[in-house]
Amino acid sequence: MTVYEVPPVSVVGESYCAPYPLELIVRKKIKKLSNAQFEVFDLSGNLLLQIDGGVWNFQLKRVLRDPAGFPILTMRGKVLTLWHKWKAHAGESTDDSNALFTLKQSHPLQIKKAINVFLTNSSKKKEPDFHITGAYTSLSFKVYEGRRLIAEVKHNFTLESFYKGKEKYKVKVYPEVDYAFIVALLVILDENDTP
């Protein structure tokens with residue numbers, strides 16, 4: 001147990017779990033029609049993570065990197081499916097032995113956003129390890145482990161930021177929760193919601 005008496009939630013790695021609540025700013029920049037980049041900062045302006053990959057193309061692949069550019073996580077999405085299924089692997093691997101989690105829409109036709117996340121190391125169970133809820137009218141959402149709220153994401157959308165190709169998210173990660181995992185979920189949901 002930790003100072004806050006909650007078990008840690010480590011998916012990508014324990015080094016991404018802080019013993020205190022963490023607030024992050026995530027900036028998205030669309031560089032070209034086929035490339036978008038995310039940068040993750042703490043409130044002091046320190047770069048913590050960066051994410052690159054395609055946007056508006058059929059190769060749904062994103063790579064999460066540390067500040068030095070080393071790959072931490074590779075996320076791949078299935079193209080042309082109603083279920084919005086993604087799989088995340090450690091490093092730049094796409095081998096199933098290095099898979100960490102799978103993200104899948106709970107139902108293809110939904111009024112409210114509901115996404116399930118299954119850890120790869122858990123047995124073949126039908127209940128998700130994590131659940132994401134939000135509204136389709138915004139990219140803001142909450143992440144739960146069972147009934148425990150572990151993170152909140154607020155999308156600061158304006159038409160001006162959209163036209164400039166720059167968007168911003170505020171992310172609140174609760175104590176002992178893997179912030180790299182939460183950012184990966186944000187990037188996947190952003191990719192699913194990009195027209």
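Nothing fancy with the numbering, it's 1 onward along the sequence. Source: prediction; values computed, not measured.
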Salt bridge check, Arg62 against Asp52: does any charged N sit closer than 4.0 Å to a carboxylate O? no
Should the pair Lys29-Glu167 be classified as a salt bridge under the 4.0 Å nitrogen-to-oxygen rule? no
pair Glu23-Val171: side-chain heavy atoms closer than 4.5 Å: no
Kindly say whether Val63 contributes a backbone atom to a donor-acceptor pair with the side chain of Thr74 at under 3.5 angstrom? no
Could you tell me whether a side-chain N or O of Asp178 sits under 3.5 Å from a main-chain N or O of Val12, the two making a donor and an acceptor? yes
Starting from the C-alpha separation in whole Å, work towards a yes-or-no answer on side-chain contact (heavy atoms from CB on, under 4.5 Å) for Asp96 and His89. CA-CA 8 Å; Asp96 279 344; His89 298 83; 3.8 Å; yes
List the residues meeting side chain to side chain donor-acceptor pair (under 3.5 Å) with Ser93, not counting sequence neighbours, and say none if there are none. Asn98
Are side-chain N/O atoms of Glu152 and Tyr174 paired as donor and acceptor at under 3.5 Å? yes
State, with a plain yes or no, whether a side-chain heavy atom of Lys168 is found less than 4.5 Å away from one of Lys154. no
Output for pair (Lys172 NZ, Leu24 CG), nearest 0.5 Å, gives 12.0 Å
Val117 versus Thr102: any side-chain heavy-atom pair under 4.5 Å? no
Any Ile115 side-chain heavy atom under 4.5 Å of Phe130 side chain: no
Out of Phe181, Trp86, Phe118, which residue meets the side-chain contact (heavy atoms from CB on, under 4.5 Å) rule with Phe101? Phe181
Find out if a path of hydrophobic residues (ILVMFWY) with successive side-chain heavy-atom gaps under 4.5 Å connects Tyr20 to Val177. yes
Mind checking the CG-OG1 spacing from Leu100 to Thr120? Nearest 0.5 Å is all I need. 6.5 Å
Contact check, side chains of Leu189 and Ile132, non-hydrogen atoms, under 4.5 Å: yes
Audit row: Gln37, Ile51, side-chain contact (heavy atoms from CB on, under 4.5 Å) steps and yes/no: CA-CA 6 Å; Gln37 183 177 15; Ile51 303 95; over 6 Å; no
For Tyr179, side chain to side chain donor-acceptor pair (under 3.5 Å) partners two or more places apart: none
Is a side-chain N or O of Asp129 found less than 3.5 angstrom from the main chain of Leu119, in a donor-acceptor match? yes
Would you check if Val26 and Leu49 make a side-chain contact, meaning some heavy-atom pair closer than 4.5 Å? no
Got Gln50 and Leu64 here, is their nearest side-chain heavy-atom distance under 4.5 Å? no
How far does CD1 of Ile72 sit from OG of Ser15, to the nearest 0.5 angstrom? 7.5 Å
Using the side-chain contact (heavy atoms from CB on, under 4.5 Å) rule, take Tyr16 and Ile182 through it: C-alpha gap first, then chi angles, then the decisive distance, then the call. CA-CA 10 Å; Tyr16 302 105; Ile182 301 302; over 6 Å; no
Val9 vs Arg148, side-chain contact (heavy atoms from CB on, under 4.5 Å): CA-CA, chis, key distance, verdict: CA-CA 11 Å; Val9 175; Arg148 174 183 160 201; 3.8 Å; yes
Is the charged tip of Arg27 near the ring of Tyr169: under 6.0 Å from the six-membered ring centre and within 45° of its axis? no
Quick one: does Glu176's side chain have a donor or acceptor within less than 3.5 Å of a partner on Cys17's backbone? no
Treat each ILVMFWY residue as a node, draw an edge where side-chain heavy atoms are under 4.5 Å apart, and state whether Leu186 and Ile25 are in one component. no
State, yes or no, whether a side-chain contact exists between Glu39 and Leu47 at a heavy-atom distance under 4.5 Å. yes
In terms of heavy-atom contacts, Arg65 and Gly69 come closest through NH1-O, 3.2 Å
